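For clarity, every value in this text was computed on a predicted model and none was experimentally measured. Whatever order the structure lists them in is the order used to number ligands and atoms, beginning at 1. All residue numbers refer to positions in the sequence shown, counting from 1.
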Amino acid sequence: MIVNTELENKGNLFPSKIINFKKDVDKLYFTAENDVILELTVVRDSLLRFRYTTVGNFDNDFSYAITKYASSGYNKLVIEDKKELFEITTSKLRCEILKSNMSVSIYDAKDGTLINQDEGGFHWEESYQHGGNIVKMSKTSNDGESYYGLGDKPNHLNLKGKRYSNWATDSYAYGKDTDPIYKAIPFYTGLHHGKAYGIFFDNTFRSTFDFAHERRNVTSFWAQGGEMNYYFFYGPKMNDVVESYTDLTGKPHQLPPLWALGFHQCKWSYYPENKVKEITSTFRELKIPCDAIYLDIDYMDGFRCFTWNKEYFPDPKRMVKELLDDGFKTVAIIDPGIKIDKDYSVFKEGLENDYFCKRADGDYMKGKVWPGECYFPDYTNPEVREWWSGLFQELIEDIGVKGVWNDMNEPAVMEVPNKTFPDDVRHDYDGNPCSHRKAHNIYGMQMARATYQGLKKYSYPKRPFVITRSAYSGTQRYTSTWTGDNVASWEHLWIANMQAQRMAMSGFSFAGSDIGGFAEQPQGELFTRWIQLGIFHPFFRVHSSGDHGDQEPWAFDEEVTDIVRKFIEIRYQLLPYLYTSFWNYVDHGTPILKSLVLYDQDDSQTHYRTDEFVFGEQILACPILEPNAKGRRMYLPQGLWYNFWTDDIIKGGKEMWVEADIDSMPIFVKEGAIIPKYPIQQYVGEKEITEITLDVYYKEGKEESELYSDANDGYDYTKGRYSLRNFTLRGKSNELIINQYKEGKFVTPYETFNVQFHGLPFDVVEVQLDNEKINIESLKVNGVTSIVVDKNFSELHILGITSKT
Ligand code: GLC
């Protein structure tokens, strides 16, 4: 069992034999002789919730993580009271609970595979220091079992053999082994015997996960207080586990405005106004697409949130408008620390209304951050969140700022050993008063939530855009995120790749890193390689601490500028493809980045791969992570893939060398894919898009692709004004048929598709559009065969004779 070294507690205690069973609709209660109760909720056929108490009754059932929109309901529920166990069967799972000790085993209902089994199961230690229990769970770790998830851990994708804690921590210049860092996402996926399941331990106290680290065959998790309260998701596909977790903890409340998926430029700090303008106009002069410019803490008056330094920014409203006229959306930072200053209105309001956090004995929680000594709003109080959201009115509605960046919200406190609030600080916790031990991990989430509510209100009828550093499970409903203060090193490029993938498989796809590194300065080569990776991260921003030199695309040399431009242009071309993936994420919870294991778990070669990932559904990318590289070895998943640059068709299921000099990187497209592309724009909305290119990658066989479009902002899409186009491609040796099925009421500004064919194995002799022969003369053949067709075609039929070798 888990050894607790904190204090001399009584040691591990265990449930005794079950003496009572009760059923209340979808909730089953098993009571042991020693007052332990297990509450088992059948949430869905593939989702069970386990909750334990040691005192004979449960706490108020309250969670910040679980969304009210989560799906529930099952098709089957059979409960059998057998001699030695209770057996609970749904259409997906069979769960056995031993009468002798409450031990749980979960099987696949169809083929009987044992998916997950208690080892010690639930146990606990009474805590002398804090009261309550240290709650623990230990599970058997199977042969060949792998583990994934857990948010922002900056290490190998597969968590097996490691131990991690969840306690949101400001971690300037963290490294590969630093733990914990900014986020607390206590959710992991396990995979063995080809089947994946997930466990979400919804407990906000400091928690620890041990993945067969202390003992080879045991995986355990525990928390320094609260309840043993975990959800068990069954796949067996890993993608289904992640979607199910995302459904439970929430998909983003709306799509981001499309501009938020463009390129963002940031630095600590661009000021005064003419520096900001110099940066934005250089983007336009050099024709490097960019959609957002950031203002870090120096835009404020003495780091007071919601104020402006009038010397640097004499007329923010005018500046923000001028930037917008040039296509730049302004994003401003807002931190939680409110400067103690009796002449500062936000401070005064907070004080008058009793909105700041207090210590256990009644003093204010005072701590040092950028402005000096500060008090901190208690965002766990709904009234405080309401007040906070109202503070954004001027910034958003009047001045016209389009996005807000929440930082230091772990919460970070300077010059104290634990970098945060002391444990005794009190929080409202939405009417469930508690200490900071319980509220710490959700403080940042509740700040971002309150910010989101403000932006949502004052950006209306446009969509809000928020970015946060700290997060707990469920934060993805409100905001995007970045991975904090990384370093300009090759190792950190590897870490950035890992973190973006890990966040996606932890339900939080809208994530990215500080491209180029926050601390220290990258060489041009590292910056270039980082941009190449960054074009595949949903959140795509360059940021740096600024005191180590410049990090704009032109800060290195002309070659770097040209390559960086070329890659940012690819990102802008791929926007309709990325937007479609984002829609899939918002609609179904499908992760936008798919690590190879998530993409193809049946291929055991993928279980320990880390670098390659699938972006959206059909593009495979693999960053170059070393200096002086002319290429790299990588694993191509099974199936046939087109080299993005050369159209060479390669059979996957093997590791191979891929050429990629500094102006290139390994990118592949799945055969049969139809990839929608925009023309290059300098910012979203610069051009009216009248035509979309469809890159069609021939396949012998069938493949489905999608294109989602809407107004790129606003909420009309929620009322059916979107356009969803499903393409089915069917290829044979001498023909190719593309069928289109449409849905939604949105009239797209594009009227035509420019269909470009890749890899046709035959010479085209006839083309039929909706059963009518069209003039084959209109087929352009200059390297690529292409044809322009009306956007509403139903069937495009290409016939050929096989003359190509
Ligand atoms: C923190 C943030 C960083 C920001 C800086 C100044 O270190 O992580 O992104 O630039 O504070 O606000």
>> Residue-level breakdown please: for W405 versus ligand 1, do any non-hydrogen atoms fall below 4.0 Å on the side chain, on the backbone, on both, or on neither?
In response: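 For W405, the contact with ligand 1 is made by the side chain alone.
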> Can you tell which part of F518 has a heavy atom less than 4.0 Å from ligand 1: side chain, backbone, both or neither?
Replying inline: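 Just the side chain.
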List ligand 1 atoms under 4.0 Å from [X], heavy atoms only on the residue side.
X	answer
R469	1 (C), 2 (C), 7 (O), 8 (O)
I297	6 (C), 12 (O)
D296	4 (C), 6 (C), 10 (O), 12 (O)
I333	12 (O)
H543	3 (C), 4 (C), 9 (O), 10 (O)

> Does the side chain of Q446 reach to within under 4.5 Å of the side chain of V384, using non-hydrogen atoms?
Replying inline: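 Not in contact.
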> Do W405 and W482 pass the side-chain contact (heavy atoms from CB on, under 4.5 Å) test, and can you show the C-alpha distance, the side-chain angles, and the key distance before you say yes or no?
Replying inline: CA-CA 10 Å; W405 167 24; W482 92 108; 3.0 Å; yes
> Quick one: do E386 and K457 make a salt bridge, cutoff under 4.0 Å?
Replying inline: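 Looking at K457 together with E386, the answer is yes, because their closest N to O distance falls below 4.0 Å.
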>> Tell me whether Y572 contacts the main-chain N or O of G262 through its side chain, where contact means a donor paired with an acceptor under 3.5 Å.
In response: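 Between the backbone of G262 and the side chain of Y572 there is no qualifying donor-acceptor contact (under 3.5 Å).
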> Closest non-hydrogen protein atom to atom 7 (O) of ligand 1, residue and atom name please, with distance?
Replying inline: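 Minimum-distance protein heavy atom for atom 7 (O) of ligand 1 reads D485 OD2, 2.7 Å.
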Using 30° and 60° as the class limits, which term best fits the ring planes of [X] and [Y]: parallel, tilted or perpendicular?
X	Y	value
Y443	H436	perpendicular
H440	W167	parallel
Y452	H253	tilted

> Would you say ligand 1 has an N or O under 3.5 Å from any N or O of W482?
Replying inline: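 So ligand 1 has no N or O lying under 3.5 Å from an N or O of W482.
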>> Using a plain distance cutoff, I'd like to know if D407 has any nitrogen or oxygen under 3.5 Å from a nitrogen or oxygen of ligand 1.
In response: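 So ligand 1 has an N or O lying under 3.5 Å from an N or O of D407.
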